[in-house]
Amino acid sequence: MKQKSRIRVIWCILFVVYLAVLIYLLLFAKLMGREQIGRTYSYNLELFKEIKRFLNNTGTLGIRSVLLNLVGNVIGFMPLGFLLPLAFSRVRGIVFMTLISFTTTLIVETCQLVSCTGSFDVDDLLLNTIGGILGYLIYILLEKGITAWKER
């Protein structure tokens, strides 16, 4: 097996592991508040409503909760934008990665709503999509940096 093929296999494995961890955290993890028996459907269709609520209630909710929700939603999807083009070379382009990040988040949010393990939140759609885009931008910067370094 060629060196590039081996590296691509490693990236694919890392991508699959990332997806498994993401699915676990978003749908099953007790530490993320996923064990709420008898919970009813919950959703937010108003953009920035939950973001504002978290920021306005930082004192009550605590900085950990605010960071987990706001920053965690961004950071949690950064590996998607970073690992996907490494694992699958045809998956490139900022518009395509934006659509992939948005669609992946939409699927997760819908699963959370239907399974009553979370809430459908358009703010999460926004934050997760931003995370995917930032991950892809990091991928682009590293790729250009490595290319420039090799050309020296």
Do [X] and [Y] have side chains that get closer than 4.5 Å, going by heavy atoms?
| X | Y | answer |
| --- | --- | --- |
| I130 | F77 | no |
| F54 | T58 | no |
| E109 | L113 | no |
| V91 | M97 | yes |
| I133 | M78 | no |
| L26 | Q112 | yes |
| V66 | N57 | no |
| L106 | F120 | yes |

[X] [atom1] to [Y] [atom2] distance, which is reported to the nearest 0.5 Å:
| X | Y | atom1 | atom2 | answer |
| --- | --- | --- | --- | --- |
| L142 | K144 | CG | NZ | 12.0 Å |
| N56 | L61 | CG | CG | 10.0 Å |
| K49 | I51 | NZ | CD1 | 13.0 Å |

Grab the two heavy atoms, one from [X] and one from [Y], that are nearest each other, plus how far apart they are.
| X | Y | value |
| --- | --- | --- |
| F102 | T129 | CA-OG1, 3.4 Å |
| S101 | G132 | OG-CA, 3.2 Å |
| D124 | T105 | O-CG2, 3.7 Å |
| L27 | C111 | CD2-CB, 4.0 Å |
| L14 | L83 | O-CD1, 3.9 Å |
| R8 | A87 | CD-O, 2.9 Å |

Mind checking whether [X] and [Y] sit in one hydrophobic cluster, side chains of I, L, V, M, F, W, Y counted as touching below 4.5 Å?
| X | Y | answer |
| --- | --- | --- |
| V16 | W11 | no |
| V21 | I107 | no |
| V108 | L45 | yes |
| V71 | F82 | yes |
| Y136 | V95 | yes |

N/O donor-acceptor pair under 3.5 Å between D123 side chain and E50 backbone: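 Judged by distance alone, yes, a pair lies under 3.5 Å.
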Sidechain-backbone polar pair: N73 side chain, N69 backbone, donor-acceptor under 3.5 Å: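 Checked: pair present.
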Test item: side-chain donor near acceptor, Y139 and R92, under 3.5 Å: yes
